[in-house]
Amino acid sequence: MTVVVTGANRGIGYAVAAQLVNAGAAVTVVVRDPTQGERTRSALAGGGNQVSLVVGDLSTVDGIRSAAEAVREACPHIDALVHNAGIWPSRRLLTDDGLEQSFVTNHLAPFLLNHALEPVLLASGSRVVQVSAGLYVKGRVDIDRTPHGLDFHPLWTYADTKLCNLLMLPRFAERWAGTPVTINAVHPGVIRTGLGDRRGPLGAVLRLVKRRFDDAALGARPVVRLARDPELAGRSGEYYHVDTPQPLTGPATQADLGEALWTQALSLTGLAPTTGARLPR
Ligand SMILES: NC(=O)c1ccc[n+]([C@@H]2O[C@H](COP(=O)([O-])OP(=O)(O)OC[C@H]3O[C@@H](n4cnc5c(N)ncnc54)[C@H](OP(=O)(O)O)[C@@H]3O)[C@@H](O)[C@H]2O)c1
């Protein structure tokens, strides 16, 4: 089994990669820092396991494109693609594209990777797994303002961008219906990682609260399950709260918003507007 995991140098992503490697999978980790990436690769490859490294920064459109190209070169076959990389920003930071960094990393990166890797995914019959967040229910999206972080909030922008990402789930499922490619999203639980770490009083409170959270290995388990459990073969378009499939609710059911975000994401990532949600046949 060959699996690609983004953001695999720490937290849930590292635990996902480690569990897959232990299960005998060949794993390609996508990491933005080359030194960290090499450290991760050699730690995972310790027992002679097959682990390769792709260095890629998923916070700019060019970075996502280069990462996709490098993944295509490293992996002619992909059984599972795990979109794990994510960021909970404490302040508004615009990337070179003039877009808010978590909007790009959490939403545009999986969107563009799915498109750029689509020929490999189709040829491989891949499972695409999106690491989502239950906080999507608190998300609010303004299609003109959210991409630029114009309503930036240190707590809620994360939820907004996770909502954008989740609104793509039914569209990719529809796009790949009738093909062997499946896509599902999972909230991994409330897990003790570096996510959202920050300075100041809020950071101190967060550090205290996190002591009660579950460890990364537990958060990785439902992600790995979606990537490889034979019982889930063929299931697509589902959102899992840890192990339990749940219907999307509230803002994630706004089909018009989903369509508008899809069209916008095509344009922001430089994909042809004719690509549409349906796969050209
Ligand atoms: N922890 C939770 O309770 C929880 C709950 C719900 C959902 N999630 C989701 O789980 C996923 C993993 O989060 P985590 O909790 O493990 O957080 P984490 O420890 O902060 O790990 C995030 C990972 O994403 C990578 N990343 C961030 N920006 C990137 C970029 N521009 N390019 C490439 N990689 C990038 C980070 O790399 P660097 O080391 O280089 O920063 C890191 O490896 C996220 O999608 C998050 O939204 C987590």
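Along the sequence shown, residues are numbered consecutively beginning with 1.
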Kindly work out whether a path of hydrophobic side-chain contacts (I/L/V/M/F/W/Y, heavy atoms less than 4.5 Å apart) joins Val30 to Leu44.
no
Counting C-beta onward and ignoring hydrogens, is there a side-chain heavy-atom pair between Leu257 and Pro251 closer than 4.5 Å?
no
May I ask you to decide whether Glu238 forms a salt bridge with Arg235, counting only side-chain N to carboxylate O separations under 4.0 Å?
yes
Go through the side-chain N and O atoms of Ser52 and Gln50 and say whether any donor and acceptor fall under 3.5 Å apart.
no
Evaluate Tyr136 against Thr249 for side chain to side chain donor-acceptor pair (under 3.5 Å), listing each step before the verdict.
CA-CA 9 Å; Tyr136 82 82; Thr249 59; 3.3 Å; yes
Run Val205 and Arg207 through side-chain contact (heavy atoms from CB on, under 4.5 Å) and show every step you take.
CA-CA 5 Å; Val205 172; Arg207 274 193 296 282; over 6 Å; no
Transitive ILVMFWY side-chain link Leu206 to Trp88, under 4.5 Å:
no
Name of the residue among Asp97, Thr95, Leu268, Thr161 meeting side-chain contact (heavy atoms from CB on, under 4.5 Å) with Leu108
Leu268
To the nearest 0.5 angstrom, please state how far the CG atom of Leu218 sits from the CG atom of Asp215.
6.0 Å
If we check side-chain contact (heavy atoms from CB on, under 4.5 Å) with Val31, which of these qualifies: Leu53, Leu58, Asp57, Val55?
Leu53
Shortest non-hydrogen pair, Leu195 vs Gly86, comes out as CD1-O, 4.2 Å
Quick check for you: to the nearest 0.5 Å, what is the distance between Leu167 atom CG and Trp262 atom CH2?
12.0 Å
Any Arg91 side-chain heavy atom under 4.5 Å of Leu93 side chain:
yes
So do Arg92 and Leu150 actually touch side chain to side chain, heavy atoms under 4.5 Å?
yes
Check whether Thr244 reaches the backbone of Tyr240 with its side chain - one donor and one acceptor, N or O, closer than 3.5 Å.
no
Using the rule given for side chain to side chain donor-acceptor pair (under 3.5 Å), can you reason through Asn165 versus Gln130, listing the C-alpha separation, both sets of side-chain angles and the distance that settles it, and then say yes or no?
CA-CA 9 Å; Asn165 167 251; Gln130 178 62 59; 3.2 Å; yes
Which heavy atom of Val4 sits nearest to which heavy atom of Cys75, and what is that distance?
CG2-SG, 3.8 Å
Closer than 3.5 angstrom, by distance alone: can the side chain of Asn49 be matched with the main-chain N or O of Val51 as a donor-acceptor pair?
no
Give a yes or no on whether the backbone of Gly98 and the side-chain of His148 come within a donor-acceptor separation of less than 3.5 Å.
yes
Please examine the side chains of Val82 and Val3, heavy atoms only from C-beta on, and report whether any two atoms are closer than 4.5 Å.
yes
On a heavy-atom basis, which atom in Ala133 and which in Tyr158 lie closest, and how many Å separate them?
CB-OH, 3.5 Å
Arg211 vs Arg192 side-chain heavy atoms within contact, under 4.5 Å:
no
Give a yes or no on whether the backbone of Ile78 and the side-chain of Ser126 come within a donor-acceptor separation of less than 3.5 Å.
yes
Taking Ala217's backbone N and O only, do any of them form a donor-acceptor pair with Arg221's side chain (distance below 3.5 Å, no angle check)?
no
Suppose we call two aromatic rings close when their centres sit under 6.0 Å apart. Are Phe111 and His83 close by that rule?
no
I'd like to know whether CD of Glu38 has more than 12 heavy-atom contacts from other residues, nucleotides or ligands below 6.0 angstrom.
yes
Is the shortest heavy-atom distance from the side chain of Gln264 to the side chain of Pro147 under 4.5 Å?
yes
Look at the side-chain heavy atoms of Ile, Leu, Val, Met, Phe, Trp and Tyr, link any pair under 4.5 Å apart, and say whether Val27 and Val54 land in one connected group.
no
Looking at Asn84, is its backbone amide N or carbonyl O close enough to the side chain of Thr6 to form a donor-acceptor pair, meaning the two atoms are under 3.5 Å apart?
yes
Rounded to the nearest 0.5 angstrom, the CG-OG1 distance for Leu113 and Thr269 is 10.5 Å
At what distance, to the nearest 0.5 angstrom, does CG of Leu163 lie from CE of Met168?
9.0 Å
Salt-bridge criterion met for Arg127 and Asp79 (N-O under 4.0 Å):
no
For His241, does its backbone N or O pair with a side-chain atom of His187 as donor and acceptor, under 3.5 Å?
no
Do Leu81 and Val129 touch side chain to side chain, with heavy atoms closer than 4.5 Å?
no
CG of Asp96: more than 12 outside heavy atoms within 6.0 angstrom?
no
How far does OG of Ser59 sit from CD of Gln101, to the nearest 0.5 angstrom?
7.0 Å
For the pair Asp197 and Lys210, find out whether any cationic side-chain nitrogen is under 4.0 Å from an anionic carboxylate oxygen.
yes
Should Asp160 and Arg140 count as an ion pair when the cut-off is N to O under 4.0 Å?
no
Nearest non-hydrogen partners of Gly219 and Ile191, listed with the distance
CA-CD1, 3.5 Å
Does the Lys162 side chain pair with the main chain of Val131, one donor and one acceptor, at a distance under 3.5 Å?
yes
Min side-chain heavy-atom separation Ser132-Tyr239 under 4.5 Å
yes
List the atom of Ala116, the atom of Ala68, and the distance in Å for their closest heavy-atom pair.
CB-CB, 3.6 Å
Ring centroid separation for Trp176 and His115, is it under 6.0 angstrom?
no
Steps toward side-chain contact (heavy atoms from CB on, under 4.5 Å) verdict (Leu117, Val128)
CA-CA 11 Å; Leu117 296 174; Val128 177; over 6 Å; no
Taking Asn106 for its side chain and Ile87 for its backbone only, find out whether a donor-acceptor pair lies under 3.5 Å.
yes
Of all heavy-atom pairs between Val29 and Ala8, which one has the smallest distance, and what is that distance?
CG1-CB, 3.6 Å
Does the distance from a Lys or Arg side-chain N to an Asp or Glu carboxylate O, for Arg225 and Glu231, drop under 4.0 Å?
no
Rounded at 0.5 Å granularity, tell me how far CZ in Arg171 sits from CD1 in Ile183.
12.0 Å
Closer than 3.5 angstrom, by distance alone: can the side chain of Ser102 be matched with the main-chain N or O of Pro89 as a donor-acceptor pair?
no
Same apolar cluster (I L V M F W Y, side chains within < 4.5 Å links), Val71/Leu121:
yes
Under a single-linkage definition using a 4.5 Å side-chain heavy-atom cutoff for Ile, Leu, Val, Met, Phe, Trp and Tyr, are Leu271 and Leu169 assigned to the same hydrophobic cluster?
yes
